[in-house]
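Quick note: residue numbers are just sequence positions, from 1.
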Amino acid sequence: SCKKQETDTSTSFMRVVNTSPSSPTYNVYLNGTKLNSAALPYAGGTAYASYPAGSYTVKFTAASSAESLFSTTVALSASSYYSHYLIGKPGSLDGLTVADDLSMTSADKAYIRFIHLSPDAPALDLAKTEATSSLFSNKAYKSASAFIAVDAGTYALDAKETSTGAIKASLTSTNFVAGYHYDIICGGLATPANDTEKPLNLQAILIK
């Protein structure tokens, strides 16, 4: 299972992922304590760590500076898991905190959810490549689905514009292991302005 620890009545768990669609790397701090050992690149993140339930300040800085580029307050409830995503472009950074329901476990199923984190992309569906139906439908920017169970194995996936069915980003040869949970994130930009901005893409990230 991707849950490495059992919860108790006073502890919460949080991980942090950089999905800002640009080339800079970031350090992340929680109430002033640095969480990462190396600056987080695009799609890079920290593993779950445990904290007493309560409110915390999350701060992001450049890899070479302690000056805050974005900070926000997150409320962590006891016996709960959370993911916090850095989103938006440099100069307009933002954060999205999502509660993680990791209660579904199985010896032969994997669990995936779809998260739309591209600031300029339209509403999107996620489907298996060449499938006639979608796994997830009509997800707008900053929205996350619930987890669903899928057979363990290797998948090819497409993010499609909800209104037209046009394929906007694809992910090939992605292996989902039974008993684990995964983020399928559509990030980047539909119209990147320069080479430092990431084009629209799909990322499969193991939640751990």
Note to self: Which residue is it: N36, T61, N18, V16? I am looking for the one with a side chain to side chain contact (heavy atoms under 4.5 Å, CB included) to Y26.
What the structure shows: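 So the option named by the test is N18.
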Notebook entry, point to check: Of D101, V98, I148, which is the lone residue that meets side chain to side chain contact (heavy atoms under 4.5 Å, CB included) with R113?
Noted result: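 The residue from D101, V98, I148 that satisfies side chain to side chain contact (heavy atoms under 4.5 Å, CB included) with R113 turns out to be V98.
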Shortest non-hydrogen separation from [X] to [Y] and the atoms involved:
X    : Y    : result
F136 : S145 : CE2-OG, 3.1 Å
S77  : S12  : O-CB, 3.1 Å
T57  : S71  : CG2-CB, 4.3 Å
R15  : L206 : NH2-O, 4.2 Å
P119 : G188 : CD-O, 3.7 Å
N27  : A62  : ND2-O, 3.6 Å

Next item on the list: Go through the steps to decide whether D108 and S106 satisfy the test side-chain hydrogen bond (donor to acceptor under 3.5 Å, both in side chains), and finish with yes or no.
Entry: CA-CA 5 Å; D108 61 357; S106 168; 2.7 Å; yes
When you group the ILVMFWY residues by side-chain heavy-atom contacts below 4.5 Å and let the links chain together, are [Y] and [X] in the same group?
X    : Y    : result
L96  : L93  : no
Y85  : L171 : no
L30  : L86  : yes
I167 : L202 : no
Y48  : V74  : no

[X] side chain vs [Y] backbone, donor-acceptor pair below 3.5 Å:
X    : Y    : result
Y29  : A66  : no
N194 : T196 : yes
T25  : A63  : no
D120 : A190 : yes
T129 : A156 : yes
D183 : I205 : no
H116 : P122 : yes

Looking at residues at least two apart in the chain, or sitting in another chain, which of them share a ring pair (Phe, Tyr, Trp, His ring centres under 6.0 Å) with [X]?
X    : answer
Y182 : F176
Y111 : H181
Y56  : Y51

Quick one: [atom1] on [X] to [atom2] on [Y], what's the gap to the nearest 0.5 Å?
X    : Y    : atom1 : atom2 : answer
Y141 : S118 : OH    : OG    : 8.0 Å
L40  : S20  : CG    : OG    : 11.5 Å
T11  : L76  : OG1   : CG    : 11.0 Å
T73  : N31  : OG1   : CG    : 8.5 Å
F114 : S134 : CZ    : OG    : 9.5 Å
F70  : D94  : CZ    : CG    : 5.0 Å

Item checked: Y155 vs V150, side-chain contact (heavy atoms from CB on, under 4.5 Å): CA-CA, chis, key distance, verdict -> CA-CA 10 Å; Y155 287 78; V150 296; 3.7 Å; yes
Checklist line | Residues D125, K139: salt bridge by 4.0 Å N-O rule | finding: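 No salt bridge links D125 with K139.
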Checklist line | Parallel, tilted or perpendicular, as decided by the 30° and 60° cut-offs, for the rings of F13 and Y81 | finding: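 Answer is parallel, since the angle falls under 30°.
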Check: Heavy atoms, side chains only, cut-off 4.5 Å: are P21 and K89 in contact?
Finding: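 Contact flag for P21/K89 side chains = yes.
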Note to self: Would you say that L157 contacts T174 through its side chain, given a criterion of any heavy-atom pair below 4.5 Å between the two side chains?
What the structure shows: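 L157 does not reach T174 side chain to side chain.
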Notebook entry, point to check: Going through the checks in order, is the side-chain contact (heavy atoms from CB on, under 4.5 Å) test met by T19 and Q203?
Noted result: CA-CA 10 Å; T19 58; Q203 297 279 338; over 6 Å; no
Notebook entry, point to check: Crowded around D195 CG? As in, over 12 foreign heavy atoms under 6.0 Å?
Noted result: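 Incorrect, the count does not exceed 12.
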Next item on the list: Answer yes or no: does atom NZ of K128 have more than 12 heavy-atom neighbours from other residues, nucleotides or ligands under 6.0 Å?
Entry: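 Counting neighbours around NZ of K128, 12 or fewer heavy atoms of other residues, nucleotides or ligands fall under 6.0 Å, so no.
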Next item on the list: Decide side-chain contact (heavy atoms from CB on, under 4.5 Å) for V17 and S83; before the verdict, give the C-alpha distance in whole Å, the side-chain angles of both, and the deciding distance to 0.1 Å.
Entry: CA-CA 7 Å; V17 185; S83 295; 5.6 Å; no
Note to self: Is there a side-chain contact (heavy atoms from CB on, under 4.5 Å) between L200 and C186? Walk through the geometry before answering.
What the structure shows: CA-CA 7 Å; L200 202 65; C186 189; 3.9 Å; yes
